[in-house]
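These notes are about the structure you will find just below.
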Amino acid sequence: MKRIDLKNILITGSGSGLGRAMAIRLADEGYNIILNGRTESKLIETNEILKKFNIKSTIKVGDVSDSKFVESMISEIIEEWELLYGVINNAGISKGSASILDKNEKDMQKIMDINFKGAWLVSKYAAKCMIKQRELKPLRGKIINVSSIAGLDPMPGIGIYSCSKAALNMLTKVLAKELAPIITANAICPGYHVTPIYNNDPKLIQNFWDLINMKPLLKRVGTAEDVTGLISYLVSDDSNYMTGQIISMCGGVVLH
Ligand SMILES: NC(=O)c1ccc[n+]([C@@H]2O[C@H](COP(=O)([O-])OP(=O)(O)OC[C@H]3O[C@@H](n4cnc5c(N)ncnc54)[C@H](O)[C@@H]3O)[C@@H](O)[C@H]2O)c1
């Protein structure tokens, strides 16, 4: 069922994994999609899949932690498509498993730059446009941050990643407070989903669970598609009375 009046959504990190699954789900629902990521070939692959839907889509190749790129990406979107309705800050990295004592400064900086600073930059430039575009169309802007259950509880081996996602959760709440009532900001916390971040290997995830003794109550590894229903809800008008919320979508790992 198509229920969308051709709203434009930017999804960062949408060349693979959760971002690609979100792009397919939202395109199927009638949203126009702006794909972003660092690897052009992956974005082209996602864009090819979107061609079967009756929507507009485009690709913006670049690094979300580069402020010049983010500023020009958002102004290009406005020049080309006039309005930006929503952004999904999904781009993220984890950089392997190691004790926090063994992480080096370069990796720490990279994780924080992409997972936290990138989401802040995209939100900052997008929100300015969303506020301005209210003169053209009374849309409520939507910011959705893809965080992690590792941002709720410290996870051994991915401590810096945990810190970056905890910062992203706080960013979500700050954005919700500062941008209300024009823009809503919410975050989702996936658990363990088979994507390239885990080399598409369910065994790798299961080994990790054994290591940290945390298993989902629902007794299976997540798929990329498992998060897309929640994303669909968060970009839709059905969630207009919801902001500043951090929602887990993890098969019950956080209750274990
Ligand atoms: N897969 C999981 O189990 C899981 C669990 C919790 C949270 N997450 C989060 O979900 C998001 C998506 O991860 P995924 O599992 O789909 O893995 P993924 O590696 O397939 O997706 C991450 C995407 O981000 C892109 N990216 C990385 N750095 C970027 C940058 N500087 N600029 C633009 N794009 C960049 C990558 O190219 C990739 O396409 C990440 O934020 C991740 O932390 C994933």
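Remember, it's 1-based here, ligands and their atoms both numbered in the order they're listed.
Among R38, R20, H193, K117, the residue whose heavy atom sits closest to atom 2 (C) of ligand 1 is H193. Nearest to atom 33 (C) of ligand 1 by heavy-atom distance, out of P190, G62, G13, S148, is G62. Considering only non-hydrogen atoms, atom 26 (N) of ligand 1 lies nearest to A91 out of A91, P196, G222.
Less than 4.0 angstrom separates some heavy atom of G37 from each of these atoms of ligand 1: 33 (C), 34 (N). Close approach of ligand 1 to L18 is summarised as follows: ligand atoms under 4.0 Å from at least one heavy atom of the residue are 10 (O), 16 (O), 44 (C). Every atom of ligand 1 is numbered from 1 in the order shown, and the set under 4.0 Å from a heavy atom of Y161 is 6 (C), 7 (C), 8 (N), 9 (C), 42 (C), 43 (O). Set against the non-hydrogen atoms of G17, the atoms of ligand 1 under 4.0 Å away are 16 (O), 20 (O). For ligand 1, the atoms closer than 4.0 angstrom to any heavy atom of Y192 are 3 (O). Short contacts between ligand 1 and V146, defined as distances under 4.0 Å to a heavy atom of the residue, involve ligand atoms 9 (C), 10 (O), 11 (C), 41 (O). Which parts of ligand 1 touch N36 is read off a 4.0 Å heavy-atom cut-off, strictly below it: atoms 33 (C).
When the options N169, T172, N89 are evaluated for a side-chain hydrogen bond (donor to acceptor under 3.5 Å, both in side chains) with S147, the one that passes is N169.
Not a single N or O atom of S65, backbone or side chain, sits closer than 3.5 Å to an N or O atom of ligand 1. Geometrically, ligand 1 and T195 share a nitrogen or oxygen pair separated by less than 3.5 Å. In terms of N/O distances under 3.5 Å, ligand 1 is not approached by I93.
Judged by distance alone, the side chain of T184 and the main-chain N or O of A180 form no donor-acceptor pair under 3.5 Å. Side chain of N186 to backbone of I144: no donor-acceptor contact under 3.5 angstrom is found.
Counting non-hydrogen atoms of neighbouring residues, nucleotides and ligands closer than 6.0 angstrom, the CE atom of M170 reaches no more than 12 such neighbours.
A salt bridge is absent between R20 and E225: the closest approach of a Lys/Arg side-chain nitrogen to an acidic carboxylate oxygen does not fall below 4.0 angstrom.
The shortest contact between atom 7 (C) of ligand 1 and any protein heavy atom is with S147 O, 3.1 Å.
Heavy-atom distances between K42 and ligand 1 stay at or above 4.0 Å for every pair.
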